[in-house]
Amino acid sequence: MAPPLSSWPWASLGIYKYFLLAPLVWKVAQEWTEQGGAPLGSRWLHLLLLFSARGLTYQFWFSYSNMLFLTRRRRVVPDGVDFRQVDHEWDWDNFLVLQTLIGAALVNGPLLLPGLENLRVWDPRGLGIALLLHVGFSEPVFYWAHRALHGAPLFFSQYHAGHHSTPVTQPLTAGFGTPLEALLLTLTMGVPLAGAFLMGAGSVGLVYVHLLTFDYLRSMGYSNVEVISHRVFEAVPPLRYLLYTPTYLSLHHREKDSNFCLFMPLFDLLGGTLNSKSWELQKEIYQGKNDGVPEFVFLAHVVDIMSSMHVPFVLRSISSVPFENRLILLPFWPVALVYMLLMWCCSKTFLVSFYYLRGRLHQTWSVPRHGFQYFIPAAKEGINRQIELAILRADRMGVKVLSLAALNKNEALNGGGILFVDKHPDLRVRVVHGNTLTAAVILNEIPSNTKEVFLTGATSKLGRAIALYLCRKRIRVIMLTMSSERFLKIQREAPAEFQQYLVQVTKYQAAQNCKTWLVGKWLSPREQRWAPPGTHFHQFVVPPIIGFRRDCTYGKLAAMRLPKDVQGLGSCEYTMERGVVHACHAGGVVHFLEGWQHHEVGALDVDRIDVVWKAALKHGLTPV
């Protein structure tokens with residue numbers, strides 16, 4: 001049996017825990033109806049507004065701290081947040097629910113607070129009283145209670161160990177803990193407010209200012225990003241003892257034997273628990289001590305407006321699972337549209353996410369362009385310029401391999417990367433399209449007893465390689481293409497004895513008896529109708545086709561699971577499962593791990609398909 005106040009009573013409710021606040025919503029609705037308009041003086045309305053505003057405060061700091069293109073040089077702990085930590089902290093906002101319910105109990109009775117409609121909007125005396133009580137009560141009470149939680153092994157293991165189990169602090173980590181910890185925070189946060197109200201200096205504005213400032217400072221401390229220059233502390237030395245920093249808190253989180261204060265290191269100084277490394281380390285981190293150089297970069301692009309929100313700095317609960325269109329994202333669509341326009345006008349390639357593999361830093365960068373823009377002729381030159389600048393930047397930084405994703409290696413755009421390699425023959429960074437492994441993944445999905453396949457997108461870079469590989473296995477390849485010239489060119493590349501296995505067709509009807517379809521071109525419902533029942537659609541088309549046929553099966557885009565020793569990976573790559581990346585991403589990883597010195601651009605070398613596949617398996621990448 002769990003000790004009292006060590007677990008949340010609504011833990012089993014999941015997302016339905018928010019229904020605990022339904023009575024407050026009902027009260028607001030009743031008052032709205034009775035007053036014929038918004039009940040601006042409603043205590044219930046203010047409780048709900050505070051719940052939302054406080055949650056947004058933590059979300060704001062979370063978004064900022066994970067905008068790596070702004071914060072990477074000032075990260076306190078360079079490690080990434082992995083899926084284990086994401087799941088562990090999933091219900092980080094339990095304390096907000098608890099404190100809102102406590103607030104509802106207080107304002108509903110005669111014990112403390114009068115109706116907010118009778119309060120002043122602002123009373124400056126209340127702020128002074130709250131500040132004095134914070135310094136005189138909240139800070140020392142939190143300090144000694146926090147030390148007690150660490151000092152008693154039983155208390156620590158039952159009530160505080162979970163909070164310290166996350167290796168990298170995040171603003172959401174600030175809220176993650178047991179009910180006992182939440183009640184301690186409620187006490188330290190609530191007493192200054194209660195004192196101001198009891199002394200007749202309470203106001204609506206004080207409640208908002210005090211609570212949001214409290215949450216703001218908590219979020220800042222847990223952000224894992226230094227935001228205050230060391231020069232400020234050097235210019236005003238006493239400030240070091242009045243305001244903690246993310247480095248200060250991170251030292252406590254990792255070492256657990258110092259820096260116990262709430263916000264004011266003065267109490268650690270008085271208690272003899274101030275970590276001597278706090279200020280020098282803060283200076284080193286602010287100056288970029290942890291700004292690592294990646295050895296591998298995956299250069300992606302935005303797919304569409306909805307998926308642009310599937311990034312680690314928007315909503316962690318969304319980015320940590322495979323992307324799909326969700327109703328919760330619809331209100332943000334206009335904001336994402338504005339950002340798309342801003343990126344189109346005045347943005348450059350930016351860092352999105354990272355992970356470590358065998359101690360080496362791997363990063364994902366994104367070209368600030370959406371999928372549809374790649375098909376606008378006037379945008380072609382600008383997109384290629386963005387990609388070129390990213391390659392040159394990677395070359396200057398010392399990146400070993402840069403892998404091009406999806407449309408960034410489009411044949412019509414830059415010849416699968418040839419444009420950049422030819423223009424810059426002295427590149428030290430190896431440019432890779434990764435399609436060799438993509439072809440290998442698709443080919444190894446095909447059952448070994450297959451005798452015939454139907455191939456769309458047959459004359460594309462991938463289609464050509466797949467056709468040439470399969471014909472050598474004496475598998476008949478029905479190639480859908482309207483261009484006899486392009487078909488004959490591919491057919492002539494095959495050894496003479498295998499050319500007979502390549503067959504050109506111009507209509508989908510030709511595949512009505514073939515149950516293995518390799519899809520490299522988008523299929524409409526009408527075109528899918530020609531497949532016989534039991535057909536499996538293998539896909540290498542972006543975006544993937546929609547499965548309209550219930551009597552058929554649909555494969556996902558070619559992908560591979562990263563090795564088990566990957567560290568700090570906490571977001572999903574588009575529609576991929578956790579720990580799974582697109583095959584072209586994996587192809588770049590293999591290129592880096594093998595230390596190959598050639599560029600992989602342009603047409604695929606069919607003879608290297610098996611070589612790359614075996615190398616991927618050797619390094620621990622596995623097919624999905």
Minimum heavy-atom distance Arg358-Pro563, with the two atoms named: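 That would be NH2-CB, 3.6 Å.
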Under 3.5 Å, side chain of [X] to main-chain N/O of [Y], donor-acceptor pair present?
{"X": "Gln170", "Y": "Phe62", "value": "no"}
{"X": "Asp304", "Y": "Ser307", "value": "yes"}
{"X": "Gln373", "Y": "His370", "value": "yes"}
{"X": "Thr166", "Y": "Val168", "value": "no"}

Would you say the rings of [Y] and [X] are close, in the sense that their centroids are separated by under 6.0 Å?
{"X": "His362", "Y": "Phe592", "answer": "yes"}
{"X": "Trp92", "Y": "Tyr58", "answer": "yes"}
{"X": "Tyr574", "Y": "His310", "answer": "no"}
{"X": "Phe537", "Y": "Trp517", "answer": "yes"}
{"X": "Phe296", "Y": "His585", "answer": "yes"}
{"X": "Tyr554", "Y": "His536", "answer": "no"}

Answer yes when [X] and [Y] have at least one side-chain N-carboxylate O distance shorter than 4.0 Å, and no when they do not.
{"X": "Arg316", "Y": "Glu89", "result": "yes"}
{"X": "Arg578", "Y": "Asp87", "result": "yes"}
{"X": "Arg561", "Y": "Glu577", "result": "yes"}
{"X": "Asp91", "Y": "Lys17", "result": "yes"}

Measuring from atom [atom1] of [X] to atom [atom2] of [Y], what distance do you get when rounded to the nearest 0.5 angstrom?
{"X": "Asp93", "Y": "Leu172", "atom1": "CG", "atom2": "CG", "result": "9.0 Å"}
{"X": "Met576", "Y": "Leu562", "atom1": "CE", "atom2": "CG", "result": "12.0 Å"}
{"X": "Asp79", "Y": "Gln85", "atom1": "CG", "atom2": "CD", "result": "10.0 Å"}

Parallel, tilted or perpendicular: ring planes of His598 versus Trp596, cut at 30 and 60 degrees: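 If you compare the ring of His598 with that of Trp596, the planes turn out tilted.
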Whether Phe498 and Tyr501 hold their rings parallel, tilted or perpendicular, with breakpoints at 30° and 60°: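 Plane angle between 30° and 60°, so tilted.
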Pair His301-Tyr374, ring pair (Phe, Tyr, Trp, His ring centres under 6.0 Å): steps then yes or no: CA-CA 10 Å; His301 63 80; Tyr374 284 75; 4.7 Å; yes
Ring pair (Phe, Tyr, Trp, His ring centres under 6.0 Å) between Phe69 and Phe313, worked out: CA-CA 11 Å; Phe69 48 91; Phe313 55 82; 5.7 Å; yes
